[in-house]
Amino acid sequence: MLKRTHTCGEITADLDHQIVTINGWVDRVRNLGGVLFVTVRDRYGKIQVLFRPDDDALFSCAASLRGEDVVAVCGRVTRRPDTAIKEDTGGAVEIIAEKFEVLSKALTPPFYIHIESDVNEELRLTYRYLDLRRQRMQKNIQLRHQVVQAVRAYFNEHSFLEIETPILTKSTPEGARDFLVPSRLKPGKFYALPQSPQLFKQLLMVSGFDRYYQIARCFRDEDFRADRQPEFTQIDYEMSFVEQQDIMRVTEGILKTVFKNVLGITIPTPFTVMEYEAAMDLYGTDKPDLRYGLTFTDVTDICKDSAFEPVRNAIQNGGVLKGFRVPGAAPRYSRKMIEEMETLVKKAGAKGLLHAKTAKNPETGSALLLKTNFDKHLSPSEAENLIKAFALEENDLLFMVSGEKKTVNVALGVLRSEIAKRESLIPKDQFCFLWVVNFPMFSYSEEEQRYVAEHHPFTMPDLTELETHKNSDATKIHAHAYDVVLNGWEIGGGSVRIHSREVQKTVFSLLGIDESSQKSKFGFLLDAFQYGVPPHAGCAMGLDRLVAIIAGEEYIRDVIPFPKTTSGICQMTAAPSDVENEQLEKLSLKLIKDAR
RNA sequence: GGGGACGUGGUGCAGUUGGUUAGCAUGCCGGUCUGUCACACCGGUGGCCGCGAGUUCGAGUCUCGUCGUCCCCGCCA
């Protein structure tokens, strides 16, 4: 085999006149009859090879080359004629072939490799190894590597130890559904794949490894989304003898290093900090995208005596009236589009959508008129106050929703992000980081008729609030938890952890985990908490989401080499698949019914 | 579990109120061509319209079911 002396990307004008050998894939063949051009590609770049007709055998052999054949070419690097150098279609040099070998012939691929074109996702995943050859995926996978290296560089420089934790672990209640792995040696018992290394990293703190990190694979058996896969990767870290601020500074440091090393961008730190409640009130989500405005204004007071019954009733029942202004959008929104918006907020739980458009008053020529779907219920003074409260100008569009506060916020939040998309208000190439802090510790699950942890059960609650509200309304207790948000994506989250056995038991009890379950499920943690526990805190960032944002991708599938489809199938290997009955027997398992 | 979109030569798409021969681009194969770079030009190949029922004289088109992919809700501490 002709072994490469250089990669395709390394062949530049510096090597002019030198004899080189390259290995790679045939990207493209252009046969002009008397002269043959072959573009050869590897992961470092592309280089044009020229076959001249002088050597009949060589030329006719090269003429049979097809896309994706794997070749070795030896020849002299030569400056291309000036007339043959076109802008951005390759370098100033080419290789004039003297010898070549076909290392492997290729079938015609099922989709284009050499050009970026839309391809059915199913097909891409079936032939993922070919999809990964394409420039976009090559770029994304390389980018992912760079991000991981930047992360490691930061941690290594700051005395963190990279420590592995088990993949075969224990199923725990709370949180996502576990993937289970049957045990052969303990028939009828199961391991679980980790949803995160949470408890292990806390135990590492107990062990004295006061700065830990891991690029950790995590597994959750829940349904998929564009930003969710059943297995995903977390940048996981934990520190002892620290407080919330310390973790925030470290997280900012990691992100600063990543953006500097990968994109050459200096991101401003520290990040903006926003209370959970403020995020909900202003943006209707706990992960607001701050690249655009459209923040909400509360106009409950203005309309508390509204003649419009649904609004008045909502307010009298302790609800709110809130909305936001879309500058200059009025002429672009037809009745039909506004109906679509109404459908959207109704899906999100709102009872209805109030909307108004502003126009110049033809009589005065200056004051604004509100044209609304609740005109007849709106008094002139209410109209005027609304115009003031929202700072409305001509041709603005105003949306408002009334009802219970949380529902209103969420509905407006959904609307806000839809409007931002439609109005193209989201700037590209901008990175808006923020911290969301002071989350509620618990929420009440109607379905399960109990409190559930908003973050997780190992999060340190506000101890004063815990004492005050634990026997009355636990939803009033806040948690020392924090999320890092980038462009509307939650890219990470963490908390100060409980390091007291008593507090931990109190939280378990509030979650409805009785004494015996505490012992069987979390006994090892409670035991460990009796042997000297450093105060500790940590965080985990979603690597896939982070890389997707940096790569400008909308779906994390596009930054994962071998992802699964939304139904949890690997198109390429056809996993999950049937297993032999013998395998089941060894595991003491039997299928309830033949699902095949 | 629920809602929505899509499924037509290898690939990306079009296909009108149901109407006789399913188009276009590209790929692929063959030919011409000595500076192309998604080479160009000429010719050709290639389709059980996802699958199964039904309505109809007649279905790519309408109806029902089913399978698959994607998006969203639920779910994801």
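Proteins get letters first, then strands, A, B, ... in listed order; numbering begins at 1 in each.
- Not counting sequence neighbours, E490(A) has no partner by the salt bridge (charged side-chain N to carboxylate O under 4.0 Å, His left out) test.
- Shown here, rA5(B) forms a base pair with rU69(B); the pair counts as Watson-Crick or G-U wobble because both key distances fall under 3.5 Å.
- Neither OP1 nor OP2 of rC75(B) sits under 4.0 Å from any side-chain N or O of R177(A).
- rG74(B) atom P lies 18 Å from atom CG of D221(A), rounded to whole Å.
- With hydrogens and angles ignored, no donor-acceptor pair under 3.5 angstrom links the side chain of R124(A) to the base of rU11(B).
- For I556(A) and rC76(B), the CD1 to P distance is 17 Å, given to the nearest whole Å.
- Applying the Watson-Crick and G-U wobble criteria (two distances, each under 3.5 Å), rC76(B) pairs with nothing in any strand.
- Nucleotide rG30(B) forms a pair with rC42(B), judged by Watson-Crick or G-U wobble geometry with both contacts under 3.5 Å.
- What you find for V40(A) and V49(A) is that their closest heavy atoms are CG2-CG2, 3.8 Å.
- Not counting sequence neighbours, the partners of Y444(A) by the ring-ring contact (aromatic ring centres under 6.0 Å, His included) test are Y451(A).
- A gap of 44 Å separates the C1' atoms of rG4(B) and rC39(B), to the nearest Å.
- Nucleotide rG35(B) forms a pair with no other nucleotide shown, judged by Watson-Crick or G-U wobble geometry with both contacts under 3.5 Å.
- Taking a pair to require two hydrogen-bonding distances under 3.5 Å in either a Watson-Crick or a G-U wobble arrangement, rG60(B) remains unpaired.
- Here rC49(B) sits opposite no nucleotide as a Watson-Crick or G-U wobble pair (both hydrogen-bonding atom distances under 3.5 Å).
- Distance check on atom C1': rG46(B) versus rC28(B) gives 9 Å, rounded to whole Å.
- Taking the six-membered ring for Trp and thresholds of 30 and 60 degrees, F111(A) and Y127(A) have ring planes more than 60 degrees apart, a perpendicular arrangement.
- Note on V452(A): nothing from the nucleic acid sits closer than 4.0 angstrom, heavy atoms only.
- Using a 4.0 Å heavy-atom criterion, one finds that E94(A) contacts the bases of the nucleic acid, with or without backbone contacts as well.
- Between the base of rC76(B) and the side chain of R228(A) there is a donor-acceptor pair shorter than 3.5 Å.
- A donor-acceptor contact under 3.5 Å is not formed by the side chain of R220(A) with the base of rC75(B).
- The base-pairing partner of rU17(B), taking Watson-Crick or G-U wobble contacts with both distances under 3.5 Å, does not exist among the strands shown.
- Taking both residues in full, the closest heavy atoms of N140(A) and D558(A) are given as ND2-O, 2.9 Å, listed atom of the first, atom of the second, then distance.
- rC13(B) sits 35 Å from rU56(B) when the P atoms are compared, rounded to a whole Å.
- Where D227(A) and F111(A) each meet RNA chain B at their nearest nucleotide, the meeting point lying more 5' is that of F111(A).
- When the side-chain nitrogen and oxygen atoms of R66(A) are compared with OP1 and OP2 of rG27(B), none of them lie within a distance under 4.0 Å.
- Near-neighbour residues of RNA chain B inside residues 494-511 of chain A, defined by a heavy atom below 4.0 Å, are absent.
- Applying the ring-ring contact (aromatic ring centres under 6.0 Å, His included) criterion to F399(A), with sequence neighbours excluded, gives no partner residue.
- The separation of rC24(B) from rG15(B), taken at their C1' atoms, amounts to 10 Å, rounded to a whole angstrom.
- The OH atom of Y112(A) sits 11 Å away from the P atom of rC13(B) (whole-angstrom rounding).
- Side-chain contact of S417(A) with Y283(A): a donor-acceptor pair under 3.5 Å is absent, judged by distance alone.
- Here D118(A) lies in heavy-atom contact (under 4.0 Å) with sugar-phosphate atoms only.
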Using atom names, set out every protein N or O paired with an N or O of nucleotides 65-70 of chain B below 3.5 Å, distance rounded to 0.1 Å.
unit_1, atom_1, unit_2, atom_2, d
rG68(B), O2', E122(A), OE1, 3.3
rG68(B), O2', E122(A), OE2, 2.6
rU69(B), OP1, T565(A), OG1, 3.1
rU69(B), OP1, S567(A), OG, 3.1
rU69(B), OP1, Q571(A), NE2, 3.3
rU69(B), OP2, S567(A), OG, 2.9
rU69(B), O4', E122(A), OE1, 3.2
rC70(B), OP1, T566(A), N, 3.2
rC70(B), OP2, T566(A), N, 2.7
rC70(B), OP2, T566(A), OG1, 2.1
rC70(B), O3', R557(A), NH2, 3.1

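- Residues satisfying the salt bridge (charged side-chain N to carboxylate O under 4.0 Å, His left out) criterion with E554(A), sequence neighbours excluded, are absent altogether.
- We find that CG of D27(A) is positioned 18 Å from P of rU36(B), with the value rounded to whole Å.
- A salt bridge (charged side-chain N to carboxylate O under 4.0 Å, His left out) check over residues 104-121 of chain A, counting only residues at least two apart or in different chains, returns the pairs D69(A)-K105(A), E121(A)-R557(A).
- Pair assignment for rU11(B): rA25(B), on the basis of Watson-Crick or G-U wobble contacts that are both within less than 3.5 Å.
- Proximity of residues 37-59 of chain A to RNA chain B (heavy atom under 4.0 angstrom from any strand atom) is restricted to F37(A), Q48(A), L50(A), P53(A).
- Look at the C1' atom in both rG7(B) and rU66(B): the space between them is 13 Å, to the nearest Å.
- For the C1' atoms, the distance linking rA59(B) with rG52(B) amounts to 15 Å, nearest Å.
- The salt bridge (charged side-chain N to carboxylate O under 4.0 Å, His left out) search around E448(A) returns R450(A), not counting sequence neighbours.
- When each of Q195(A) and R225(A) is assigned the nucleotide of RNA chain B with its nearest heavy atom, R225(A) is the one assigned upstream, toward the 5' end.
- Rounded to whole Å, the separation between the C1' atoms of rG9(B) and rC48(B) comes to 13 Å.
- Using C1' as the reference atom, rU20(B) and rG12(B) are 28 Å apart when rounded to the nearest Å.
- Between the P atom of rG12(B) and the NE2 atom of H114(A) lies a distance of 15 Å, rounded to the nearest Å.
- Between the side chains of S196(A) and Q234(A), no donor-acceptor pair of N or O atoms lies under 3.5 Å.
- Considering only residues two or more places apart in sequence or on other chains, F100(A) meets the ring-ring contact (aromatic ring centres under 6.0 Å, His included) condition with F51(A).
- Checking rU11(B), rC75(B), rC28(B) against every side-chain atom of E447(A), the shortest atom distance belongs to rC75(B).
- Interatomic distance, L65(A) CG to R28(A) CZ, rounded to the nearest 0.5 Å: 13.0 Å.
- Scanning for ring-ring contact (aromatic ring centres under 6.0 Å, His included) contacts around H456(A) gives F458(A), with sequence neighbours left out.
- Residues satisfying the salt bridge (charged side-chain N to carboxylate O under 4.0 Å, His left out) test with R134(A), not counting sequence neighbours, are D131(A).
- Taking side-chain N and O atoms only, R30(A) has a distance below 4.0 Å to OP1 or OP2 of rC39(B).
- Contact annotation for P457(A): base contact, defined as any heavy-atom pair under 4.0 Å involving a base atom.
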